[in-house]
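Since the structure comes first, as structure tokens, the remarks are kept for the end.
Keep in mind that what you see is a predicted model, and the values were worked out from it rather than measured. By convention in this document, chain letters (A, B, ...) are assigned in the order of the sequence lines, proteins followed by strands, and residues within each chain are numbered from 1. Because only heavy atoms are used, hydrogens play no part in the values below, and waters and symmetry mates are left out as well, while side chains stay in.
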Protein chains: 2
Amino acid sequence: MAGKRDSESGPPRPTSFDIARRAGVSQPTVSRALRGDPTISPITRRRVEFIARELGYKVDKNASNLRGQHSQTIAILFFEDQRFNASLINPFFLSMLGSIAGACAKRGYDLIISCQHLSNNWRVDYEDSRRADGIILLGYDDFLTYSAELERLVDEGTHFVHYGAALERHPGLSVGCDDYAGGYQATKHLISLGRRSIAFLGSASDHYPEFFARYRGYCDALRDASLPLQPELQADSVSALPDGEKATRAILASGKNFDAIFAASDLIAIAALGVLRDHGLNVPKDVSVVGFDDIPHASMVTPPLTTIRQDTQLAGEVLVETLLKLMRGEAAEATVLPCQLVIRGSCGGASA
Amino acid sequence: MAGKRDSESGPPRPTSFDIARRAGVSQPTVSRALRGDPTISPITRRRVEFIARELGYKVDKNASNLRGQHSQTIAILFFEDQRFNASLINPFFLSMLGSIAGACAKRGYDLIISCQHLSNNWRVDYEDSRRADGIILLGYDDFLTYSAELERLVDEGTHFVHYGAALERHPGLSVGCDDYAGGYQATKHLISLGRRSIAFLGSASDHYPEFFARYRGYCDALRDASLPLQPELQADSVSALPDGEKATRAILASGKNFDAIFAASDLIAIAALGVLRDHGLNVPKDVSVVGFDDIPHASMVTPPLTTIRQDTQLAGEVLVETLLKLMRGEAAEATVLPCQLVIRGSCGGASA
DNA sequence: ACTTTTCCTGAAAGCGCTCTGACAACAAAG
DNA sequence: CTTTGTTGTCAGAGCGCTTTCAGGAAAAGT
């Protein structure tokens, strides 16, 4: 008996040579027949296909990829501010994962994922090691932290697309939703509900491009309604629960009265909901709250959160389609996707 | 000017030959040096490493994998009952994704993901085509639907691990939490709070092995407290919001009084929370609610959900470690992980 | 001095596939 | 009966790496 067992080996995987022998053709013919090459006669193709199915033959991706100098794989990289929320990925990006996976599958690409984080020596070398033909970058983080990495990717000629606001100075290509319009819309809705002192929770600095654009939308909506912009009613927060709670407590502590909150993300809005309740404030009677993203949680909290929905289904499609263009060397452009106000209970307007 | 641009090619990727030439050694030496082969002298290794870094050399995974007849990749497959929740993956499994990704990265494995669904001709052929060396299966679904597929995987000698209850008749290896103990614990806690009519939401049939085990725990806790098992207070539900709502309405409609609900998953529990509120019932005053999983949502709903926490961090580690053992041909066993009662507001006990 | 051992490196093979160029086989045209 | 296409298949090369085996140089033993 052999000392080391070879994991129930069974019959060795059939190769294209095995199929060729059985079909009485050469090995390259098998390869061509199976790939639908038109120079192979239908009769031959039929026979090869039949035998291949019979033997359970599957093309070896490693060999095929090595020969073809590609990987037929796209990598998705989650990066996020790691000061909070240890191993948790923002649910918003998670919900995009499904649609990206679908979009890849539809096009015959595999999807490999990584949750590496910028903090500790982030090295995007999937493409370097030919593990992926292109990369999708997902996350909210301080722009300064990752723009250098992006720059490097551009320099190295790596194919990648980033989801988020498309700044002019942003290295590489971005696909994102219309954050500005979303911010404007959310604020305008609050105003139309009679709210006059609207707080903004989320970074107002351009280190967080998405949040910044939403903030500008908020400012402009205020201005267009001739409402004053009150700096005391803005508090920084990244998209994480503990941070959102801190920000809410900050505006509460400011002593300034407010009757509405526009939060730059649902996670922040949900955090605000809890703090508000703890302070004996009723939502939406005392304070209207609107979030951003429409993560799955949004409809489950009490009251259900009014928010700006980003179409993750569409975003996923556009993201991989754009990346594919880039990979083929075709011209590709940054895309701004529309977003949509979803009215639920937290703003006091008509509930859907 | 060339008609077709070749995507800003730049200098071609360096190969181990390029490094070899520059270092004045042979190509195999480069390969060995870079992999830390002890037969290479430190001086040579140092030189090779330096030049490799200088040229930005990265091992071509395709070539390496082809030669080594493996892929250094693990595939993760989400499958779930698709009657509800279209493109959404159960948040519980999503939260496991992060830990699995981490566990794979730590061991030098890539992770490829697929959200295919059993419904339409599910074929797991990652291993067949050598894209993955092993597979992790994640999801709640009718056991009957997928056990045949599992059977086939076993027959083909595919290496895989499934997360869920480990039934004796379950094909392949499972890692799961102690669903029975969790169900028992949850129910016992409810009883200790003085609740006497405890409903169970979730399938009581063995088509859903995890739910079934939780149900048995529930039954035994009832029995040990000499409480009657009331069939009217059990309603079927798979882990999805609409289904949970339907189940809650069903027990409400039964006319039977109840003062507590043990839901087989947090998603069901959250659905119950909403329906209960709509019926003017107060949680936890009128009805205590306990869920299962401790998904991120659980702590965000109102009131925060008391639940049984599954340790996703640990589960991820054990899952890949078990799979790795299988892949190496070592003996591996099904594992049952402990789970833990997390007391929050929804049960009326001491809040954490 | 020569043989033996030890240490380090190189030549060559080959993983399974795809692609280029050549070549039979046959039909149509000169 | 040769020439020119056309069609369907094949031989061969090679993608970049790892591995086995053999061999040269230095260190040690006789």
message: Whole angstroms only, please: what is the CG-P distance between Leu66(B) and dG14(C)?
response: 14 Å
query: Can you check the Ile40(A) CD1 to dT9(D) P distance for me, whole Å?
result: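 Spelled out: CD1 on Ile40(A) to P on dT9(D) is 5 Å.
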Give [X] one of three labels, base, sugar-phosphate or nothing, depending on what nucleic acid heavy atoms sit under 4.0 Å from its own.
{"X": "Ser31(A)", "result": "base"}
{"X": "Arg130(A)", "result": "nothing"}
{"X": "Thr15(A)", "result": "sugar-phosphate"}

field: Side chains of Gln72(B) and Asp110(B) in contact at under 4.5 Å (non-hydrogen atoms)
entry: no
- prompt: Would you call Ile100(A) and Leu138(A) a side-chain contact if the rule is heavy atoms closer than 4.5 Å?
  reply: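 Ile100(A) reaches Leu138(A) side chain to side chain.
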For [N], does either OP1 or OP2 sit under 4.0 Å from a side-chain N or O belonging to [X]?
{"X": "Ser41(B)", "N": "dT9(C)", "answer": "yes"}
{"X": "Thr44(A)", "N": "dT9(D)", "answer": "yes"}
{"X": "Ser64(B)", "N": "dC17(D)", "answer": "no"}
{"X": "Ser16(A)", "N": "dC17(C)", "answer": "yes"}
{"X": "Gln27(A)", "N": "dG12(D)", "answer": "no"}

Choosing from [options], which nucleotide comes nearest the side chain of [X]?
{"X": "Arg67(A)", "options": "dG16(D), dT9(C), dC17(C)", "value": "dC17(C)"}
{"X": "Gln69(B)", "options": "dA12(C), dT9(D), dC15(C)", "value": "dC15(C)"}
{"X": "Arg35(B)", "options": "dC17(C), dC10(D), dT18(D)", "value": "dT18(D)"}

- request: Please evaluate the base of dG10(C) for a donor-acceptor partner in the side chain of Arg32(B) within a cut-off of under 3.5 Å?
  value: yes
